[in-house]
Trainee: 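The structure's right below; bear with me while I get my questions together.
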Number of protein chains: 2
Amino acid sequence: MNRGRRPGQVSSRDAVLRAAREQFSRKGYDAATVRAIAAEAGVDPSMINHHFGTKEQLFMAALESPVDPKDHVSAVLSGPRADVGERLVTRFLTVWDSPAGAAGVAVLRTAMQHEWSAALVREFILNRAINPLLAGLGVPAEEASWRGNLVASQLSGLILTRYLIKLEPIASAPHAVVVRALGPTIQRYLTGNVAGERPVLVSEAGD
Amino acid sequence: MNRGRRPGQVSSRDAVLRAAREQFSRKGYDAATVRAIAAEAGVDPSMINHHFGTKEQLFMAALESPVDPKDHVSAVLSGPRADVGERLVTRFLTVWDSPAGAAGVAVLRTAMQHEWSAALVREFILNRAINPLLAGLGVPAEEASWRGNLVASQLSGLILTRYLIKLEPIASAPHAVVVRALGPTIQRYLTGNVAGERPVLVSEAGD
DNA sequence: CAACTAATTCAACAAGCGTTGAATTAAGTG
DNA sequence: CACTTAATTCAACGCTTGTTGAATTAGTTG
């Protein structure tokens with residue numbers, strides 16, 4: 001293959017992908033139009049269909065994550081157990097502040113509108129990231145789902161306020177400050193006393 | 001006014017408003033189409049323009065919140081200072097599980113796509129809800145914005161995981177269980193030691 | 001009843017969307 | 001050079017969106 005193309009040139013595919021990532025993460029799947037992406041890439045809209053097929057396939061291609069949670073999980077696990085919360089927050093901020101985080105923002109924005117994207121988020125966050133971490137920590141299975149949910153609630157809230165809603169000062173705060181504030185919270189959710197661990201669902205009394 | 005209308009009948013205005021609230025909170029501003037709202041209300045699409053003007057005006061009318069944060073703030077403030085975190089979470093869940101919460105979900109979904117809605121969320125969450133609470137607690141002004149951001153990050157994450165992404169078991173957990181898990185976190189964010197309270201922004205070292 | 005007004009219906013508009021297919025250009029291969 | 005194949009351009013399709021304006025219906029008032 002690769003016939004009829006100058007060797008060193010990748011044509012406009014990369015430009016489209018870059019523009020797609022930018023637009024998808026900034027506007028979400030629906031609001032980011034194929035025409036706008038093409039315009040930002042300096043390309044005819046039909047090129048997108050030519051290279052990627054449909055808009056949804058472009059979305060998937062743009063989100064093909066260079067992030068492998070496994071490496072991050074094992075990195076967070078190595079070190080003193082008492083600091084695992086701070087290490088998780090630190091790692092988390094580094095990933096989300098990197099270009100790879102843009103893909104996450106895109107899929108999260110889209111998750112607000114489409115169930116198929118919400119399902120994508122659920123699967124990734126829990127099964128690929130948090131649950132392996134909890135397993136590595138040796139958290140009992142019957143506690144893992146609840147603890148994992150708590151961690152997800154605090155970290156997704158960080159994403160929401162820092163990158164989506166852009167609350168100040170948390171949106172511009174240096175990593176260290178955020179880590180010091182959220183570290184203990186995550187630590188407690190992972191390994192500490194979080195009510196409901198004994199009787200996970202006490203009864204239907206409670207609301 | 002009110003001429004030419006049968007007294008006891010509110011016509012289709014209420015049906016449209018109810019359908020609008022349902023669709024906006026479930027899909028967000030863009031994905032909820034005027035035609036779909038009209039269909040659910042059993043009404044011609046042009047009736048919406050006739051009654052409300054534009055789609056955006058319908059959105060505002062549907063969101064006209066029956067929620068006055070002031071009452072909730074003073075309710076949370078009354079009681080032992082050591083339990084203010086749990087009381088806030090309890091109150092928070094009650095409001096968001098009520099029909100009034102649907103309006104919040106709608107504006108939050110829309111905030112993911114439109115800056116004007118994100119600004120609405122910022123203004124409401126901070127200036128109307130959290131900051132008055134912090135002022136009532138006597139939190140110093142230079143700490144208030146940071147503590148408020150932390151509270152917002154955890155509570156918005158709760159909204160995200162419980163109502164938008166619908167992570168289980170947190171999405172179906174009884175109030176008491178959530179309160180016991182998040183209460184201490186909120187308590188610490190409001191009144192405890194959250195690093196950065198001394199030097200709010202230490203330096204640009206940190207990431 | 002006649003007059004007036006609000007509510008409702010219906011058809012259509014302009015604009016934007018994703019997508020398609022046919023033509024044209026460019027580049028590497030025999 | 002001729003051949004092939006990918007890249008690019010251009011115009012257009014079918015569809016959905018929010019919105020409009022002209023007709024029609026219904027109910028209250030004088």
Side-chain angles (χ1 to χ4, degrees), chain A residues 1-24 26-63 106 109-110 112-114 116-117, chain B residues 1-24 26-63 106 109-110 112-114 116-117:
Chain A
M1 63 191 67
N2 205 25
R3 296 218 287 168
R5 195 165 70 203
R6 211 162 58 239
Q9 189 179 358
V10 206
S11 87
S12 60
R13 247 191 81 111
D14 286 17
V16 169
L17 273 180
R18 227 176 311 121
R21 269 187 267 262
E22 212 280 323
Q23 296 270 328
F24 279 138
R26 193 153 55 84
K27 307 180 181 175
Y29 179 78
D30 294 277
T33 70
V34 169
R35 288 170 144 94
I37 293 171
E40 184 175 318
V43 160
D44 189 273
S46 66
M47 291 306 301
I48 289 179
N49 301 95
H50 184 267
H51 283 308
F52 300 95
T54 71
K55 182 188 183 182
E56 190 165 334
Q57 288 173 305
L58 170 65
F59 185 73
M60 296 305 180
L63 259 50
R109 274 216 155 89
T110 308
M112 307 289 98
Q113 307 267 4
H114 294 286
W116 55 264
S117 183
Chain B
M1 64 190 67
N2 204 24
R3 296 220 287 169
R5 195 164 70 205
R6 212 160 61 239
Q9 189 177 356
V10 205
S11 85
S12 59
R13 248 192 79 110
D14 286 16
V16 169
L17 272 180
R18 225 176 312 121
R21 268 186 268 263
E22 212 279 324
Q23 296 271 330
F24 279 137
R26 192 152 57 84
K27 306 179 182 176
Y29 179 78
D30 296 277
T33 69
V34 169
R35 287 171 145 93
I37 293 171
E40 184 175 317
V43 161
D44 189 271
S46 65
M47 292 305 302
I48 289 179
N49 301 95
H50 185 265
H51 283 307
F52 299 95
T54 71
K55 183 188 183 182
E56 190 165 332
Q57 288 173 306
L58 170 64
F59 184 74
M60 296 305 179
L63 258 50
R109 274 216 155 89
T110 307
M112 307 289 98
Q113 306 267 4
H114 294 286
W116 54 264
S117 184

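Naming convention: chains lettered A, B, ... in sequence-line order (proteins, then strands); numbering from 1 in each chain.
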Trainee: CG of A:N49 versus P of C:dT20: gap in Å, rounded?
Mentor: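 Distance, rounded to whole Å: 6 Å.
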Trainee: Say whether, by atom type as modelled, one donor and one acceptor occur between the side chain of B:R109 and the main chain of A:M112 under 3.5 angstrom.
Mentor: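 Pair found, side chain donor or acceptor close to backbone of A:M112.
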Trainee: Please answer whether the main-chain N or O of A:A36 pairs with a side-chain N or O of A:T33 as donor and acceptor at a distance below 3.5 Å.
Mentor: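 Yes; at least one donor-acceptor contact below 3.5 Å.
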Trainee: Shortest non-hydrogen contact from B:A106 to B:F59?
Mentor: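 Reported closest heavy-atom pair: O-CZ, 4.5 Å.
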Trainee: Just by distance, do the side chain of A:K55 and the backbone of A:I48 share a donor-acceptor pair under 3.5 Å?
Mentor: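 Not a single qualifying donor-acceptor pair exists.
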Trainee: More 5' along DNA chain C: B:G42 or A:T54, using each one's nearest nucleotide?
Mentor: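 The 5'-side residue here is B:G42.
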Trainee: What integer distance in Å separates B:F59:CZ from D:dG18:P?
Mentor: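 Computing the B:F59:CZ to D:dG18:P distance gives 13 Å.
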Trainee: Side chains of B:H114 and B:D30: do they bring a donor and an acceptor to under 3.5 Å?
Mentor: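 Yes, B:D30 and B:H114 have a side-chain donor paired with an acceptor closer than 3.5 Å.
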Trainee: Which value, rounded to the nearest 0.5 Å, describes the distance between A:T110 atom OG1 and B:Q113 atom CD?
Mentor: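 So the OG1 of A:T110 and the CD of B:Q113 are separated by 7.5 Å.
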Trainee: Given atom CD1 of A:I37 and atom P of C:dT19, what is their separation to the nearest angstrom?
Mentor: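 To the nearest whole Å, that distance equals 11 Å.
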Trainee: In residues 26-35 of chain B, which ones come under 4.0 Å of DNA chain D, going by heavy atoms?
Mentor: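 Of all residues in residues 26-35 of chain B, the ones placing a heavy atom under 4.0 Å from DNA chain D are B:A32, B:T33, B:V34, B:R35.
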Trainee: For B:H50 and C:dT9, what is the distance between atoms NE2 and P respectively, to the nearest whole Å?
Mentor: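 Nearest whole value for this atom pair: 12 Å.
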Trainee: Starting at CE of A:M47 and ending at P of C:dT24, how long is that distance when rounded to a whole Å?
Mentor: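 From A:M47 CE to C:dT24 P: 18 Å.
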Trainee: Please state how far atom CG in A:L58 lies from atom C1' in C:dT19, giving the value in whole angstrom units.
Mentor: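 That distance rounds to 13 Å.
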Trainee: When you measure from the side chain of B:K55, which nucleotide among D:dT19, C:dT19, C:dT20 comes out closest?
Mentor: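 Nearest listed nucleotide: D:dT19.
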Trainee: In whole angstrom, give the distance that lies between atom CZ of A:F52 and atom C1' of C:dG18.
Mentor: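 These atoms are roughly 16 Å apart.
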Trainee: For the pair made of CG in B:D44 and C1' in C:dA11, what is the distance, rounded to whole Å?
Mentor: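 It works out to 10 Å between those atoms.
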Trainee: Report yes if a side-chain nitrogen or oxygen of B:H51 is closer than 4.0 Å to either non-bridging phosphate oxygen (OP1 or OP2) of C:dT8; otherwise report no.
Mentor: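 Yes, within the criterion.
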Trainee: Ignoring the backbone of A:S12, work out which of D:dT8, C:dG18, D:dT19 is nearest its side chain.
Mentor: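 It is D:dT8.
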Trainee: What are the two closest heavy atoms between A:S12 and A:H51, and how far apart are they?
Mentor: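 Heavy-atom minimum between the residues: OG-NE2, 3.8 Å.
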Trainee: Counting the atoms with a prime plus P, OP1 and OP2 as sugar-phosphate, which does A:S46 contact under 4.0 Å by heavy atoms, base, sugar-phosphate, or nothing?
Mentor: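 Base: the residue A:S46, judged by heavy atoms under 4.0 Å, touches a nucleobase.
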